[in-house]
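Worksheet for the structure shown next.
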Amino acid sequence: MDLNYTAEQIAFRKEVRSWLEQHVPARPLQSFDTKEGFEQHRQWEQTLAKGNWGMVTWPKEYGGRGCNLIEWLIFEEEYYRAQAPLRVNQNGIFLLGPTLMEYGTPEQKARFITKMASGEEMWAQGWSEPGAGSDMAAIRSKAIRDGDEYVINGQKVWSTRAVFADWVFCIFRTDPASDKHHGLSFIFVPLNAPGVTVRPIPQLNGLPGFAEIFFDDVRVPVANRLGNEGQGWNIAMSTAGFERGLMLRSPARFQETAKRLVALYREHRNDIVDLSIEDAVVKSFMDAEAYALATYQTASRLMSGGKIGPESSVNKIFWSELDQHMHETAMSILAARAELLPHSSAAGDVGTWLDGFLFAQSGPIYAGTNEIQRNIIAERMLGMPRK
Amino acid sequence: MDLNYTAEQIAFRKEVRSWLEQHVPARPLQSFDTKEGFEQHRQWEQTLAKGNWGMVTWPKEYGGRGCNLIEWLIFEEEYYRAQAPLRVNQNGIFLLGPTLMEYGTPEQKARFITKMASGEEMWAQGWSEPGAGSDMAAIRSKAIRDGDEYVINGQKVWSTRAVFADWVFCIFRTDPASDKHHGLSFIFVPLNAPGVTVRPIPQLNGLPGFAEIFFDDVRVPVANRLGNEGQGWNIAMSTAGFERGLMLRSPARFQETAKRLVALYREHRNDIVDLSIEDAVVKSFMDAEAYALATYQTASRLMSGGKIGPESSVNKIFWSELDQHMHETAMSILAARAELLPHSSAAGDVGTWLDGFLFAQSGPIYAGTNEIQRNIIAERMLGMPRK
Amino acid sequence: MDFTFTDDQLLFCKSVQEFLQQEVTPAAVRKSWELDTGRSDERWQQLVNLGVTAMLVPEQFGGLGMNELDFVLLAQACGQVALPEPLVETALVATPLLATLAQRDSRCASLLEKIATGERKIAIGHAANNLVCDAHVADFLLLPSGNQIHLVPRDQVKLVAQASVDPSRRLFAVEWSANDETCLVSGPEGVALLAATLNRGALGAAAQLIGLAEAMVQMTVKYTSDRHQFGKPIGSNQALKHHMANCAVKIEFAKPTLYRAAYTVSKRPVHADFAVSHAKVAAGEAALLAAKNSIQSHGAMGYTWECDLHIFMKRAWALDKFWGHAGFHKSRLHQWLMNPNAKIGADKTFGEQVA
Amino acid sequence: MDFTFTDDQLLFCKSVQEFLQQEVTPAAVRKSWELDTGRSDERWQQLVNLGVTAMLVPEQFGGLGMNELDFVLLAQACGQVALPEPLVETALVATPLLATLAQRDSRCASLLEKIATGERKIAIGHAANNLVCDAHVADFLLLPSGNQIHLVPRDQVKLVAQASVDPSRRLFAVEWSANDETCLVSGPEGVALLAATLNRGALGAAAQLIGLAEAMVQMTVKYTSDRHQFGKPIGSNQALKHHMANCAVKIEFAKPTLYRAAYTVSKRPVHADFAVSHAKVAAGEAALLAAKNSIQSHGAMGYTWECDLHIFMKRAWALDKFWGHAGFHKSRLHQWLMNPNAKIGADKTFGEQVA
């Protein structure tokens, strides 16, 4: 065990810090759930790509830097420290990118990875269906082979980024006689294809953070299928593993929130009469730290050849409840002003706490509800009986 | 709504208070889970009976005072205020007594109720079996009719008071071909009958608060059966309803604990550095009050002709978690001394908090675990689907 | 000792509740979001016709002469439908203040008569809130200034709208200047009336919070009974059952604290601080837990704008911190408890009642 | 940057862990309750033979010259079996204190040599605890007096036994008087050494607490998998699964804080307060939750003396409050955080490391 960064790691941190200091937009971008904001964020992805900071964990051959996990953590720490924009390209970087590298043909890699890395094409995710949420194997949307094409009919829902993105990756039932997790395939669909209708779904904050996608005789070439026909479930599961796993929420995000919370608390300390808040602030900070430490521990283990297992479920529960707890605490400190939208003249230092509070409500739900995660921990990690 | 006591109620309170002031033993009795302590508590029951304070809620014809629920609450408030001994006769007063009055024959009432009321005979409860805990209908112990007698074989467990009591009331399977909640009967067994073996089960505190009872060809007259053959489940359920319900834990108990907790906190206030404790003390007090208010509300409703329903499950969860929370808070205040048994010279004002803490661990478990209670609330009170 | 409502109280509540359930549907609430004022004059008039604005107006001023205890179940019913109109603030919070002053102040007397008939609306400010709800549709504002309370016509103030996370709420910063003419009361009496106002405000918020919690649980039970995953209703999962059971426990034990508070405010106002603070904290906790467990049980659907749940969640988040946040009310309880002479213990639930 | 243990560390821990699992069974722990001392000399000698009392003794005094980081996994393993013997207090808490002083104090040097070989035992007192564990079986006691630390032969003190809820724990009030002869160190150095002792004590308690939590979860998983109700294992109920999953989450996120604390104590002791307090609070919470959810999942069985669970629960309840209770450690964190110059934020997990 050595909890000192190497000289190379320190140099890398400095390089990241210095680049970000020069490039992070002076003013916060609009939400990427608005049209303008989405384009601002796409621009920022392109800026990152030009500096070769877009896909730091990707191998160099795909336009990345081949950063190992510790370097990735350092990058993220600096990224959040610099208050750089959220990553609109997240579906590409962490979900589809690594999956494409593993399962894609050389042609698919050439076609899709390059434009993903450059920030040119943005990806939405399309797995859930109205009847297939937690029970993802209940997918009913079909892609039926017709010569060199698939003809797609059906509906996806909770598709993040779909309102403004260019492409969506989905799993469809390619064998209509199959059921459950058999007979599914992983297919890419351009969102401007004839027959595709995207219906935005506004979130708690009123902005369309996800969408329903309707497919009405949509035709895509067979070359848009990733992996073999019928292999969709396995590929999706490996992607879902990434999603829940180490990289979905880097600790830096929560550490910076905790830091802001401590600052908020310090400023209001003299007006606070609720003694439980003091305790909640300390607890928030401790938990954000613990999350960082646990991530470093896992990263170190993975770098020594370990594999990630059900601890991704443990992570999911921990960060999502931490995020809720921190924002609830901030709302308590802000008290009567907590309900105000930030542009209100009486809002004072409400800042983005309300936004963050609303977003934190989704944490325990998406990427597998925390109830499902607890089942996974009990059954797969602890070995409790399924039935 | 009128939250003033009537002149009669105030007079009743004064009468209770004055009697208790004259009779409550000056020194605390030993635990009724010891032989000496049990006999001390039996004595106390007899003292209560002589003053006609043993069974205040029972009808006058059975030796009670016919108190209504509000009077019962007042009695309990004064009882806990006076720090009077715990009721070793509780199984009789609240569980078996009312059941006997409803289902007993005149002979049974004459034989059993009188000695129960006088404090002469103490009762244990015998429902659970090793394979039938939460799933009480899985009972396998048998009572097989042989002429005017039942021949009993089998085993009961978690039988409270059984180590030192005189009688136990049980449910046995009288129809060996039956299963589940059919074919069960409610039967009384003297604990000194040939073939009865009582094995004490020491609790967390090392004292035998409950026991296993083994029945080996034990013979009891058919007259010891309460109600009809096969009616045992229904009778037991009505008894279990009492147990979980309004009277199992009177609010006064928790209000006095909360009062002691506030006093403990006030004394230690200047050494306490954990700010969450201040909040926990306030919360404890609020919840003890809320429990009292809810009980008064239910009592008022029942006196106007209402029926008790799934709120007994709500009560069970609330008081048991409140009791845990109060004792955990006290342990936090006592800090390093919290682990000391009270007779240790360094124990200081540890008092009975540790005892109470250990006992509080059983609250969410007995009389139907809180998990079962939550199922009942969701399904029967809120109407959520069973399957 | 009788801790029940009378049949009359229950019956009146039921009739208003039926009206509210029928008229103030989630769709109707959404419709009001599109109105400039956010408020439906028609619905207000219907409420006036039911007599609810007249309830706490003394009989001599054309009202029904009832009290806070009579009103508390209605306030709970307003929460159950997330009523956008300021009925609770008008009838429960502002009206008794005017009634106290009406004997000696004809402005208050005349205003009371017109509140009862629906001809006038008032809004009320308090230091606990900074902002004033529904000032834009009020004819007059009751505003604090130090130990004074002023009655100010709306055209003498400047309103700056403040957007709330809850689209139903219309909040305003009020710019105004106090003068002798607008002053109703000052000094110790003003302080006492402001304190009583805060207690009524907190009581009304607590009642609505419990109603909101009940509504969220009901919606969630329905949703989780209807929605199927893995071939069975998601509500058959024990985890979701326990989420809802936990809410039910909080709600059931918040209710008696609310009713005790309402009783105390109306019958023993000098002892009301403790009772009101208890109810506000308990109701806030119940509503926040109901919001949290309901959105969780709804899954992604609960996170959308189109699901009606957020109408109730957002109101709960706002009201939890209005008329005194949890910290304020807990600190009142704490101070009270730390008094060595505090009357606490099993025999003192309803105060010292041994002669 | 490498947050893993070395293969050597893991291997050594594994061999000790295997010994402990095999020898220190719940039955063996119960057997030691019947002994007058509560301690098995034979087992102590076996531990000595494994080299564990020598681990933190410097090589020049016949030890292995290892550090707190090398020992932390063993301390966790001691918790996993609820070891009654005072291995952690001896090897992890007292030994490094003697080692610091041994260069200039021959008493300490000679004692260290004999601790390594098992010929001598020591007990250690600290103001955080008031009482001293295992003083009755020690040859010498390390005792604080103001800013001084004394080394006192047991025959010069009077011990008054104090009964703990945990029958494995043997606690003593120590009556003694300080004199120049017994004094090892005083002044600012004494203060610093007492502070470092507290950190090692809390580190050792935290490690054992996590081990205890792991053991309780393991027992409960087994019990709930074996016990059937309603025709299926009770562990198949989602509520019990989630009880255990919640414990697993607490444990998994307490562990890295423990290991960071061990590293910091051994490599950067001046920064150890924060890291140790974090670990102690996190480990205490994990152990208390494991105790609560385990007894609940066991049902009535968990409440009995014959079920082994209480061996672990009671140790957890005791250690949570030993070497500084949660309030003490949280207040250290709080003070640290309130410093406007506190180095916090995403890039400072391991302190300021940008050159």
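None of these values were measured; they are calculated from a predicted model. Side-chain atoms are counted along with the backbone in the values below, which use heavy atoms only and exclude waters and symmetry mates. Order of the sequence lines sets the chain letters (A, B, ...), proteins ahead of strands, with each chain counted from 1.
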For a ring pair (Phe, Tyr, Trp, His ring centres under 6.0 Å) with A:Tyr296, tell me which candidate from D:Phe3, D:Phe350, D:Tyr263 qualifies. D:Phe350

Salt bridge (charged side-chain N to carboxylate O under 4.0 Å, His left out): which pairs involve residues 325-340 of chain D, sequence neighbours left out? A:Asp279-D:Lys330, B:Asp274-D:Lys330, D:Asp273-D:Arg332

Which residue pairs pass the salt bridge (charged side-chain N to carboxylate O under 4.0 Å, His left out) test when at least one of the two sits in residues 205-223 of chain D, sequence neighbours left out? D:Glu214-D:Lys255, D:Lys222-D:Asp226

Not counting sequence neighbours, which residues clear ring pair (Phe, Tyr, Trp, His ring centres under 6.0 Å) with D:His298? List them please. D:Tyr223

Could you measure the distance from the [atom1] atom of [X] to the [atom2] atom of [Y]? Nearest 0.5 Å is fine.
X        : Y        : atom1 : atom2 : answer
A:Thr6   : D:Met1   : OG1   : CE    : 8.5 Å
A:Arg386 : D:Lys241 : CZ    : NZ    : 7.5 Å
A:Leu293 : D:Leu258 : CG    : CG    : 11.0 Å
A:Met286 : D:Ser277 : CE    : OG    : 9.0 Å
A:Phe285 : D:His278 : CZ    : NE2   : 8.5 Å
D:Asp2   : A:Ile70  : CG    : CD1   : 7.5 Å

Is there side-chain contact between D:Thr4 and A:Gln297, with heavy atoms separated by less than 4.5 Å? no

Tell me, do A:Glu78 and D:Asp347 make a side-chain contact under 4.5 Å, heavy atoms counted? yes

Tell me, out of [options], who's got the most heavy-atom pairs with chain A below 4.5 Å.
options                                : result
D:Thr6, D:Asn246, D:Leu333             : D:Asn246
D:Gln218, D:Arg268, D:Lys348, D:Lys250 : D:Arg268
D:Ser331, D:Pro340, D:Ala248, D:Ala254 : D:Pro340
D:Thr257, D:Val281, D:Leu337           : D:Leu337
D:Arg260, D:Glu252, D:His242, D:Met244 : D:His242

Can you tell which part of [X] gets under 4.5 Å to a heavy atom of chain A, answering side chain, backbone, both or neither?
X        : answer
D:Asn339 : backbone
D:Tyr259 : both
D:Ile344 : both

Going through the distances and angles, do D:Lys232 and A:Lys387 end up as a side-chain contact (heavy atoms from CB on, under 4.5 Å)? CA-CA 7 Å; D:Lys232 58 182 189 178; A:Lys387 292 271 172 193; over 6 Å; no

Counting neighbours of CD on A:Glu267 that are heavy atoms of other residues, nucleotides or ligands and sit closer than 6.0 Å, is the number greater than 12? yes

Count the heavy atoms belonging to other residues, nucleotides or ligands that lie under 6.0 Å from NE2 of D:His271, then report whether that count exceeds 12. no

Less than 4.0 angstrom from a charged side-chain N to a carboxylate O is my criterion; do A:Asp2 and D:Lys267 meet it? no

Ionic contact status for A:Lys283 with D:Glu285, cut-off 4.0 Å: yes

When A:Ile317, A:Asn375, A:Val262 are compared by non-hydrogen pairs under 4.5 Å with chain D, the top option: A:Asn375

Among the listed options A:Glu289, A:Arg253, A:Met381, the residue most often paired with chain D at heavy-atom distances under 4.5 Å: A:Glu289

Contact residues of residues 323-335 of chain A (partner chain D; heavy-atom separation under 4.5 angstrom): none

